[in-house]
Colleague: 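Sending over a structure as structure tokens; questions will come in a sec.
The structure displayed is predicted, hence computed values, not measured ones. Start at 1 and go down the list; that is how both ligands and their atoms are numbered.
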Amino acid sequence: MNLEGMVALVTGGGRGIGAATALRLAREGAAVAVADMDLEPAQEVADKVSAQGGRALALSCDVRFPGPVEQMVRETVEKLGRLDALVTCAGVLRDNLVHKMSEEDWDLVIDTHLKGSFLCSQAAQRVMVPQRSGKMVLISSTSALGNRGQANYSAAKMGIQGLARTLAIELGRYNINVNVVAPGFIETRMTMQTAERMGVDFEGFKEAVAAATPIPRVGVPDDVAGTIAFLVGPDASYISGQTLYVRGGP
Ligand code: NAP
């Protein structure tokens with residue numbers, strides 16, 4: 001129970017990596033605000049936390065817009081009492097080769113990942129600065145390093161690394177740590193959708209990724225959740241502005 005007494009807010013918390021993170025932080029003793037685009041998946045995860053004996057709140061919030069983001073942070077503080085950790089897992093993909101990528105698909109991906117991370121961290125620091133403590137973990141990806149068909153996603157995910165380094169510099173004096181977790185291939189609905197779009201069988205896709213990975217398997221959401229739990233916990237209090245790749249190899 002490393003996180004006893006903490007309140008964490010997880011965006012994209014209704015599915016995949018966000019859901020695993022909300023459950024893991026709750027198992028470590030944190031009260032968790034589970035936010036997602038739709039209330040239903042967020043509520044399901046919050047109910048699981050309650051069934052484990054934890055404290056949780058379900059919220060719906062589209063992270064692309066400042067009003068809902070401010071409301072999400074406000075409700076977290078009002079209903080759970082404070083805000084100690086922000087984890088931004090909300091995400092979408094709209095892959096296409098650059099010559100076929102629409103402006104709409106560029107904007108949606110940049111707004112969800114990069115602007116969403118900016119809005120959430122800006123709203124969270126308004127609470128964390130006065131309390132002189134806080135942890136933020138923003139989610140990037142190995143695609144930040146470049147990936148065919150992902151100009152929008154890659155730009156957003158590398159932008160998140162720059163955002164986090166800058167926040168770490170600006171907010172360190174207030175005892176706020178800002179780090180990035182950059183997963184490789186993690187088995188979630190997002191990677192299933194990628195296989196579908198590519199017209200490949202998901203099991204075959206996973207086998208090919210595993211064969212090309214030094215630790216020869218694909219990742220699971222708990223691999224990422226455990227890393228996030230470490231970064232928001234007391235053992236990581238002197239780590240800030242770092243990007244940690246969780247991808248089974250260098
Ligand atoms: P996921 O299972 O698809 O979960 C993403 C969640 O974010 C969904 O519940 C989705 O809601 C929600 N969301 C989308 N747009 C939103 C918005 N504007 N506001 C609030 N919530 C929104 O995906 P995942 O694989 O867990 O991904 C979580 C994070 O890890 C993402 O940032 C992703 O880019 C990153 N990541 C994933 C992998 C991987 O291999 N899976 C690798 C590297 C990085 P809807 O269901 O309504 O769309």
Side-chain angles (χ1 to χ4, degrees), residues 9-24 33-46 58-73 86-95 105 107-121 123 137-147 150 152-161 163-164 180-198 202 205-206 208-210 213 217-225 227-228 243-248:
L9 166 60
V10 183
T11 72
R15 294 187 217 278
I17 293 169
T21 299
L23 291 166
R24 175 65 192 264
V34 185
D36 212 308
M37 188 82 150
D38 299 322
L39 189 59
E40 202 183 324
Q43 189 63 59
E44 277 171 25
V45 173
L59 299 167
S60 75
C61 172
D62 185 336
V63 298
R64 292 173 296 164
F65 303 105
V69 168
E70 279 156 25
Q71 170 73 14
M72 168 181 76
V73 169
L86 167 73
V87 185
T88 55
C89 296
V92 285
L93 291 180
R94 289 292 182 277
D95 295 353
D105 285 350
D107 286 346
L108 176 69
V109 169
I110 297 288
D111 286 356
T112 304
H113 292 274
L114 186 54
K115 185 175 176 189
S117 298
F118 159 67
L119 291 174
C120 291
S121 52
V137 179
L138 311 184
I139 305 301
S140 177
S141 165
T142 48
S143 295
L145 304 169
N147 197 26
Q150 293 196 315
N152 49 4
Y153 186 69
S154 175
K157 291 305 200 185
M158 192 49 103
I160 285 171
Q161 296 189 20
L163 171 66
V180 174
V181 170
F185 186 110
I186 307 296
E187 187 172 353
T188 67
R189 193 190 55 157
M190 187 176 271
T191 37
M192 276 178 215
Q193 284 172 348
T194 303
E196 257 176 52
R197 211 171 22 252
M198 290 167 70
F202 191 50
F205 190 33
K206 285 193 299 181
V209 171
T213 304
R217 65 172 176 86
V218 298
V220 292
D222 280 340
D223 290 319
V224 185
T227 309
I228 294 169
T243 295
L244 190 46
Y245 284 86
V246 180
R247 50 100 56 217

Colleague: Of all the heavy atoms in His113, does at least one lie under 4.0 Å from an atom in ligand 1?
Modeller: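 Under 4.0 Å: yes for His113.
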Colleague: Which is closest to atom 39 (C) of ligand 1 by heavy-atom distance: Val220, Ile186, Leu59, Asp36?
Modeller: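 Heavy atom nearest to atom 39 (C) of ligand 1 belongs to Ile186.
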Colleague: Using only atom types and a distance under 3.5 Å, with no angle test, would you say the side chain of Ser60 pairs donor to acceptor with the backbone of Asp38?
Modeller: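 Flag not set: sc Ser60 to bb Asp38 has no pair under 3.5 Å.
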Colleague: If the contact criterion is a heavy-atom separation under 4.0 Å, does Thr11 count as touching ligand 1?
Modeller: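 So Thr11 does not count as touching ligand 1.
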Colleague: Take atom CD in Gln193; do more than 12 heavy atoms of anything else shown fall under 6.0 Å from it?
Modeller: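 Count over threshold, so yes.
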Colleague: Looking at non-hydrogen atoms alone, which of Pro183, Ala144, Ser143, Gly91 comes nearest to atom 7 (O) of ligand 1?
Modeller: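 Going through Pro183, Ala144, Ser143, Gly91 one by one, Gly91 has the nearest heavy atom to atom 7 (O) of ligand 1.
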Colleague: Within the structure, does Tyr153 bring an N/O atom to less than 3.5 angstrom of an N/O atom in ligand 1?
Modeller: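 N/O-N/O distance below 3.5 Å exists for this pair.
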Colleague: Could you pull out, from Met72, Arg189, Met37, Met190, the option with a heavy atom nearest to atom 48 (O) of ligand 1?
Modeller: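 Going through Met72, Arg189, Met37, Met190 one by one, Arg189 has the nearest heavy atom to atom 48 (O) of ligand 1.
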Colleague: Determine, using heavy atoms of Lys157 and all atoms of ligand 1, whether some pair is separated by less than 4.0 Å.
Modeller: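 Flag set, Lys157 near ligand 1.
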Colleague: Which residue in the set Thr11, Leu138, Val73 passes side chain to side chain contact (heavy atoms under 4.5 Å, CB included) when paired with Cys120?
Modeller: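 So the option named by the test is Thr11.
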Colleague: Should Gly184 be listed as contacting ligand 1, given a heavy-atom distance under 4.0 Å as the test?
Modeller: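 True for this residue.
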Colleague: Heavy atoms only: which of Pro68, Cys89, Gly13 lies closest to atom 28 (C) of ligand 1?
Modeller: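 That would be Cys89.
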Colleague: Nearest non-hydrogen contact with atom 20 (C) of ligand 1 belongs to which option: Cys120, Cys61, Gly12?
Modeller: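 Selected option, by shortest heavy-atom distance: Cys61.
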Colleague: Please confirm whether Ser140 comes under 4.0 Å of ligand 1, counting heavy atoms of the residue only.
Modeller: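 Right, Ser140 reaches ligand 1.
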Colleague: Give the atoms of ligand 1, by number and element, whose distance to some non-hydrogen atom of Ile17 is under 4.0 Å.
Modeller: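 So the atoms of ligand 1 that pass are 26 (O), 30 (O), 37 (C).
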